[in-house]
Every structure is written in structure tokens, then in C-alpha cells.
Amino acid sequence: LYPLHLFTLLLWLAIAFGKQGLQLAVQAAGYGAGMTPLSEQPEIFDPGYFLLSLVMLHGVGIVDSDLFNFAAWSISAEFWAFTILIAVFATVSERRARMIVVAALMAACAGWFALSWWNNGSTTFDTSVRLEKLLARSVLDYCVGMFALHASRRWLPRWRSAASIGLLQVTLVAGGGFLTLGLVVMG
């Protein structure tokens, strides 16, 4: 995915700089361009944000900006989440110890969400801010997925069929959708 990420980043920058050049030319000719003023878009000229985007650290929660490529935050967070989990699995070889480390990662991520919500003084849990664009969310997602896979292999009956697995998946997705909808309505 990195070559596509790099191509999209450079293409977006070319478009942004082209738009700004056009805006300056139109304004220099004495016309209103109807575009967002340069003074309201300082991130375009921020080399630090560009560097974060270049090394895919822009979606892990260091900064809160989506200037160059909005969708790339997930690639960034997922890349670093996978890197963390690969490091865990490379250093912890025993299966039980891995499960303990994964459980600890899940607890740390959940604790981070709770602490950030508590420190914010919020009276509601704003899922659009707390669960988006963060490395903790991706790590938690993968850990939950690993536990679900482990649990399904260990505790579901051996006679499970493709239809019963499909029904379980639909039920889990629907339940997750209702939970998310409930959080959004409450937040």
C-alpha cells in the first residue's frame, strides 16, 4: 500500500499547490477566487505534517489533521498497529504468553480511551473524536479480532458449518452496528 499512499500524497500536494497558485494568480488579477484563503490552510506549508504523512505517522494520533489524504489515516494507524503486534509475536513465542500480552494491550487501549474521555471533562462519549484516527483504536481492533478468532476455534463446536459461521458474523456485525448507533445517539 505504501507506493499507492506515496502517489496519492504527492498527487494531493500537487493539486493543493496548483489550487493555491491559481488562487494567487486570480487574486493578483483583481478578481475574487472564492477559494479558502491561504492563511486558513497553514498545514499545506507545514513540512512537519508532510514528514508525518511521508512516514505514515499522521494517523496515529500525534496530530489531528486530515489535510493531504483523509483516508490514509487508517492505513497509517493499521500499519503501526501491525508493526506493534508483529514485534510482540516476534519476541513472545509461547501462545499463552502472547494471549496475556494481547489482553494487556487491550486493557491499555481501553484504559487510554477511558482516561482521555475522563480528562476531557466530557459528559458524553464522543465516538467521532475518541475512536477515530488513533493507533489505540487499531491495536484494540486487531486484539479483539485475534481473541474472537481464538475463541471461535477453541469454544465453538467442531460441527460448525459455513451457514452457522455466516449467521454468527451477521449477528456480530448487526450487534456492533446497534452499539455504534447507540453511542452516536448518546454522544
Side-chain angles (χ1 to χ4, degrees), residues 1-87 105 108-145 173-174 176-187:
L1 288 177
Y2 188 76
L4 181 60
H5 168 70
L6 185 60
F7 173 77
T8 305
L9 173 65
L10 296 176
L11 178 65
W12 179 248
L13 281 175
I15 291 169
F17 279 111
K19 175 187 163 205
Q20 297 307 323
L22 176 64
Q23 180 181 4
L24 289 173
V26 169
Q27 287 175 346
Y31 298 102
M35 297 180 182
T36 305
L38 292 172
S39 60
E40 294 180 20
Q41 301 179 53
E43 298 92 353
I44 291 176
F45 306 103
D46 181 2
Y49 184 75
F50 173 75
L51 182 61
L52 287 175
S53 296
L54 194 61
V55 296
M56 295 179 59
L57 284 171
H58 59 289
V60 298
I62 296 171
V63 295
D64 187 24
S65 183
D66 301 318
L67 180 69
F68 297 129
N69 181 2
F70 175 75
W73 73 264
S74 66
I75 294 170
S76 166
E78 291 165 6
F79 171 80
W80 290 106
F82 270 129
T83 301
I84 289 169
L85 294 175
I86 288 169
L105 282 171
C109 291
W112 185 89
F113 284 124
L115 185 62
S116 66
W117 175 70
W118 183 268
N119 285 340
N120 189 29
S122 298
T123 56
T124 60
F125 190 74
D126 184 358
T127 57
S128 66
V129 174
R130 300 291 171 238
L131 299 180
E132 275 189 6
K133 301 182 295 191
L134 297 172
L135 179 61
R137 173 191 162 192
S138 294
V139 170
L140 184 61
D141 288 349
Y142 291 132
C143 291
V144 167
V173 168
F178 285 120
L179 176 64
T180 302
L181 180 62
L183 288 172
V184 169
V185 169
M186 288 175 15

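A quick note: this is a predicted structure, and the numbers were derived from the prediction, not measured. Atoms considered below: every heavy atom in the structure, side chains included; atoms not considered: hydrogens, waters and symmetry mates.
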All side-chain contact (heavy atoms from CB on, under 4.5 Å) counterparts of Leu52, not counting sequence neighbours = Leu57, His58, Ile62, Val63

ring-ring contact (aromatic ring centres under 6.0 Å, His included) with Tyr2: which residues, sequence neighbours excluded?
-> His5

When you measure from the side chain of Trp80 to the backbone N and O of Ile75, does any donor-acceptor pair fall under 3.5 Å?
-> no

Closest approach of Leu85 to Cys143 (non-hydrogen atoms, all atoms of both residues) = CD2-SG, 4.1 Å

In Å and rounded to the nearest 0.5 Å, what is the CD1 to OG1 distance from Ile15 to Thr8?
-> 9.5 Å

Leu105 vs Tyr142, side-chain contact (heavy atoms from CB on, under 4.5 Å): CA-CA, chis, key distance, verdict | CA-CA 10 Å; Leu105 282 171; Tyr142 291 132; over 6 Å; no

Taking only residues two or more places apart in sequence, or in another chain, which ones meet Phe79 in a ring-ring contact (aromatic ring centres under 6.0 Å, His included)?
-> none

Which pair of non-hydrogen atoms, one from Cys109 and one from Ala136, has the smallest distance, and what is that distance?
-> SG-O, 3.4 Å

